[in-house]
Amino acid sequence: MDNQNQLIQARQQKMQRLLDMGVNPYPNRSSRSHIIKDLWDNQQKFTDDEQKVTITGRIIALRRQGKVGFGNVADESGNIQIFVRKDNVGEENYEIFKSFDLGDFCQIEGSCFVTQMGEYSVRATCVTMLAKAVRPLPVVKEKVVDGKTIRFDEFHDIELRYRKRYLDLLLNPEHKHAFELRAHIISGMRRFFENRGFLEVETPILTPLYGGAHARPFNTHHNTLDMELYLRISIELYLKRLIIGGFEKVYEIGKVFRNEGMDRAHNPEFTLLELYQAYTDLDGMIELTESLFKFLAKEVLNTDTVTFHNTEINLTAPFRKASMLELIKEYSGFDASDFDYDKIKTFCLEHHIEVTSAAGAGKLIEEIFNHFVEPKLLQPTFVIDYPREISPLAKAKPDDPNLVERFELFIMGNEYANAFTELNDPHDQRKRLEDQQKMREMGDAEANVIDEDFLEALEYGMPPMGGIGIGIDRLIMLLTDNTSIKEVILFPQMKPEN
RNA sequence: GCAUGUGUAGCUCAGAUGGUAGAGCAGCUGACUCUUAAUCAGCGGGUCUAGGGUUCGAGUCCCUACACAUGUACCA
C-alpha cells in the first residue's frame, strides 16, 4: 500500500467510525449565524454577552491535547481558533471532534471568549461534520512573529499550483488577489462603458470563418451540419456588423482563441475587450482609452500609479503620443519614412532582423520598431501612424497612403491596446483583404482570410467609427505586478501530466 | 522552436567523489482538560518522472522521452 493510500485510508476509517455512530459525514444541510469576520469585527460584544454563535468552515489547523483540543476554522472571510473540551461538548460529540482531520468542513456552535494565552476563540458546545475530506491536504503551517506571518512548508510548486488551482487558492490565499482584482477591473470596465451608453453584446465564438487578427485558429467540426468551424481569433468583424445594423456603441468582453506557441505571456485562450463606436475616430479612441485607464485607477485601484517591477507607472496623466516612424528615428537613428523597401531591408539585415519573403516595407518597419523601440516604452505611450500593410482593417491617413489611423498603447514594453479609425470603404477593404490573401499565398499562415459575408455587409454601408481592443489578461498582469499570464488565469492551459 | 535548469514519501526538502534511500511536517498507536509551527515516546510510509544504456553495482554517469520553470524567437 502506498503512502497516499494509507493517508486516505486513515481518513476513510474515521468516516466509517462516524457512519457506525449514525452520523452522516456529508449532511445535506448546514447553518451558520455569523461569518468569521463578523466575530473578529465585534470581539468585545461577542465576548461580553457570550451570545451563541454558529460558524462553518474548513479545518485548517488542529492541536489536540487529550480531552481538549484546539483548531482553526476558516471560511471565506477569515479564520478563528476553536476550543473544544470534552466537558463542554459531551462524550459523544467529542468523538465526532476526534474524527476531524485537516481539510474537513465543519460547523461549530459555541460562544466567543479569550483563552488564557490571550487568543480570541470560539468555545464549542457542539461540533458537526459537514463534509469529510478523504484526501489529505498539503500541510502548511504558519507562525506570526512581530505581526508578520511566517509560512512553513509553503505549497509553492508552480506546476502543482496551476494544475490544482483549488489547492493554490486554499493554501496561498494571497493568490486570490489577482483574480479578485481581475473581476473588479472587468466590472469596472462594464460600469465605465455603460456610463458612456455602450451596449454589451455577445457574438459567435464558433464561426465558419475567422478574421480580425493576425493569427492561426483552432479548427473544429459540427457533426449535424458536417462542416468545419473555427474558434474566433478576434471579435471585430461581428461587432462591425452590429454597427452596420444600427447600434452605435457596442462592446464585448470574451474569450478568443489563437493556435500559437505558449509561454509566460501567451495562453491559447485569452480574454479580449473589443469596442466600436460610430461617428468617432482614432482621436475618440485615444480619449476613451485615457479616460478608461483613469477611471479604473481611481474607481477600482484607488490610486494614480501602479508599480511594476519597481517602476512607477502613472495611469492617470495624459499618455505620450508619438508616431512609429518618429520613434524609430529617435531610438535607432534610422529614417524609414520613404518606405524604400531595399533601404529598409538592408537596415534590417545589418541589425539581424529577420526578413521573410512575405514581408514588405511596412512589415519590416514594424520589425524595426519591435526591435529598437518597443522594449524602451516604459511609461504609457500611444504609438500612432502604423504602416498600412500590417493594418488591413484600419483606414488610411488622408495625407499619406502608406500609413493608417491606428494606435497601439505600450506600457513597460508591452502592448495593451490596439485601436483604429475603422476602414469602412468596401472597395478598399476588399483590396486589403486580397493583399492579405497574397501574403497567405507567400507563406504567411496568419494573414487574414477574405470574408465575403463581411464584405457584403460593408457594402450596405458602415458609418465612420473608431474601434479598440484591449487584452484583459495582460492588463491584469500589469496591475498585479505579475510576469506570468498563468498567475492571472485561474486554469491556465497545461499539457497532460502523463 | 531553440538553450539552460528542475523532477526523490501526501507536502517542503537533504542525498561530494556511483556501494541496497534520509529529515521535518502530515499519518497511525500511546500520554496529555488553555494549545497555537503544541509537546513527548514508538510505528508505518518510496518502481527516486518514464524507458533504455554503461557498470559487479545507478537517485547519482550517458542517451531518449515527458512535464514544469527561466531565457530567447513570434504573437495579445
Side-chain angles (χ1 to χ4, degrees), chain A residues 1-11 13-14 60-72 79 81-89 94 101-103 113-119 121 123 135-145 149-164 167 171 213-216 233-234 256-274 352-354 356 366-367 370-371 408-410 414-418 444-446 469-475 477 483-486 492 494-498:
Chain A
M1 173 174 48
D2 65 39
N3 183 241
Q4 187 169 342
N5 276 337
Q6 213 174 68
L7 297 176
I8 290 172
Q9 210 165 67
R11 284 163 179 256
Q13 275 164 10
K14 288 186 189 169
I60 57 166
L62 269 178
R63 297 175 292 278
R64 296 180 192 284
Q65 268 200 117
K67 297 185 179 65
V68 67
F70 295 86
N72 284 76
N79 90 81
Q81 175 168 275
I82 59 164
F83 171 63
V84 184
R85 193 164 71 165
K86 198 170 186 175
D87 288 351
N88 293 344
V89 298
Y94 200 73
D101 281 307
L102 238 49
F113 77 116
V114 176
T115 65
Q116 283 174 16
M117 297 298 288
E119 177 142 352
S121 309
R123 183 188 351 239
R135 189 176 285 271
L137 286 175
V139 181
V140 175
K141 294 197 173 186
E142 287 179 349
K143 181 188 188 177
V144 177
V145 178
T149 300
I150 305 172
R151 195 176 286 163
F152 300 86
D153 299 333
E154 183 171 3
F155 181 74
H156 60 38
D157 182 294
I158 296 178
E159 186 176 349
L160 279 179
R161 282 184 44 231
Y162 297 154
R163 288 192 191 280
K164 301 186 193 300
L167 294 182
L171 302 171
H214 202 78
R216 289 159 70 187
I233 60 173
S234 87
V256 299
F257 308 82
R258 298 190 184 172
N259 208 337
E260 317 171 319
M262 290 161 53
D263 59 32
R264 153 185 126 272
H266 296 83
N267 197 62
E269 57 181 288
F270 63 100
T271 302
L272 190 61
L273 157 78
E274 282 201 37
H352 308 102
I353 293 168
E354 197 188 351
T356 60
E366 185 190 32
E367 297 289 348
N370 289 343
H371 184 262
E408 289 190 349
L409 173 62
F410 288 89
N414 285 308
E415 182 200 331
Y416 288 90
N418 182 17
D444 183 351
E446 297 181 342
I470 295 177
I472 301 293
D473 312 270
R474 294 274 175 89
L475 180 62
M477 287 166 67
T483 47
S484 171
I485 200 168
K486 290 187 166 87
M494 301 288 278
K495 294 189 194 172
E497 269 178 291
N498 300 315

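All values below were derived from every heavy atom in this structure, side-chain atoms included, with hydrogens, water molecules and symmetry-related copies excluded. Every chain is numbered from 1 and lettered A, B, ... according to where its sequence line falls, protein lines coming before strand lines.
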Counting N and O atoms only, with roles assigned by atom type, does the side chain of A/Arg161 sit under 3.5 Å from a partner on the main chain of A/Phe155, one being a donor and the other an acceptor? no

Within the structure shown, what part of the strands sits under 4.0 Å from A/Lys164 by heavy-atom distance: base, sugar-phosphate, or nothing? nothing

Compare side-chain N and O positions of A/His352 against OP1 and OP2 of B/A73 and report whether any pair is under 4.0 Å apart. no

N/O donor-acceptor pair under 3.5 Å between A/Asn418 side chain and A/Gly469 backbone: no

Give the rounded distance in Å between these two atoms: CG of A/Asn5 and P of B/G45. 14 Å

Is it the case that the base of B/G44 and the side chain of A/Gln6 share a donor-acceptor contact (distance under 3.5 Å, atom types as modelled)? yes

Do A/Val114 and A/Ser121 have side chains that get closer than 4.5 Å, going by heavy atoms? no

Do A/His156 and A/Val140 touch side chain to side chain, with heavy atoms closer than 4.5 Å? no

Under the rule for ring-ring contact (aromatic ring centres under 6.0 Å, His included), what residues qualify as partners of A/Phe83, not counting sequence neighbours? A/Phe70, A/Phe113

How is A/Ala10 classified with respect to the nucleic acid when contacts are heavy atoms under 4.0 Å: base, sugar-phosphate, or nothing? sugar-phosphate

Would you list the protein and nucleotides 3-6 of chain B atom pairs, both N or O, that sit under 3.5 Å from each other?
none

Roughly how far, to the nearest 0.5 Å, is CG of A/Leu7 from CG of A/Leu137? 11.5 Å

Shortest side-chain distance from A/Leu160, nucleotide among B/G27, B/A76, B/C11: B/C11

Check against side-chain contact (heavy atoms from CB on, under 4.5 Å), A/Val256 and A/Phe270: CA-CA 6 Å; A/Val256 299; A/Phe270 63 100; 3.4 Å; yes

Say we look at B/C48 and B/C13: how far apart would their C1' atoms be, to the nearest angstrom? 14 Å

Output for pair (A/Glu446 CD, A/Arg258 CZ), nearest 0.5 Å, gives 9.0 Å

Euclidean distance, atom CG of residue A/Asn267 to atom P of B/A76 [Å, nearest integer]: 15 Å

Checking B/A26, B/C13, B/A76 against the side chain of A/His156 (C-beta onward), the nearest is B/C13

Review item, nucleotides 67-70 of chain B N/O atoms under 3.5 Å of protein N/O:
from: B/A67; atom 1: O3'; to: A/Arg163; atom 2: NH2; distance (Å): 3.0
from: B/A67; atom 1: O2'; to: A/Glu159; atom 2: OE1; distance (Å): 3.4
from: B/A67; atom 1: O2'; to: A/Glu159; atom 2: OE2; distance (Å): 2.2
from: B/A67; atom 1: O2'; to: A/Arg163; atom 2: NH2; distance (Å): 3.0
from: B/C68; atom 1: OP1; to: A/Lys495; atom 2: N; distance (Å): 2.9
from: B/C68; atom 1: O4'; to: A/Glu159; atom 2: OE1; distance (Å): 2.9
from: B/A69; atom 1: OP1; to: A/Lys486; atom 2: NZ; distance (Å): 3.4

Could you report the tightest heavy-atom contact between A/Gly71 and A/Arg63, atom names first, then the distance? O-NH2, 4.2 Å

Rounded to whole Å, the CD-P distance (A/Gln9 to B/G10) equals 15 Å

Reading RNA chain B 5' to 3', what string of ( ), [ ], | and . shows its pairs, if Watson-Crick and G-U wobble pairs count only when both distances fall under 3.5 Å? (((((((..((((.....[..)))).(((((.......))))).....(((((..]....))))))))))))....

Over all heavy atoms of both residues, which pair between A/Ile485 and A/Asp263 is shortest? Give the atoms and the distance, please. CG2-O, 4.1 Å

Please compare A/Val139 and A/Glu154 by the position of their nearest nucleotide in RNA chain B and report the one closer to 5'. A/Glu154

Search all heavy atoms of A/Val84 against all heavy atoms of A/Val89 and return the closest pair with its distance. CG1-CG1, 4.0 Å

Reading nucleotides 30-37 of chain B from 5' to 3' and marking B where a protein heavy atom lies under 4.0 Å of the base, S where only the sugar-phosphate is that close, and - otherwise, the string is --BBBBBB

Interatomic distance at C1', B/G46 relative to B/C40, whole Å: 28 Å

Set of side chain to side chain donor-acceptor pair (under 3.5 Å) partners for A/Arg264, sequence neighbours left out: none

With syn defined as a glycosidic torsion within 90 degrees of 0 and anti otherwise, which applies to B/A23? anti

When the P atoms of B/U54 and B/U8 are compared, how many Å lie between them, rounded to an integer? 27 Å

Taking any heavy-atom pair under 4.0 Å as a contact, classify A/Ile470: base, sugar-phosphate, or nothing. nothing

When the distance from CG of A/Leu167 to P of B/C11 is rounded to whole Å, what number comes out? 10 Å

If you round to the nearest 0.5 Å, how far is CD1 of A/Ile353 from CG of A/Asn370? 9.0 Å

Step through the shown structure and confirm whether more than 12 heavy atoms of other residues, nucleotides or ligands are within 6.0 Å of CD on A/Glu354. no

Could you check whether any side-chain N or O of A/Tyr94 sits under 3.5 Å from a backbone N or O of A/Val68, counting only pairs where one atom can act as donor and the other as acceptor? yes

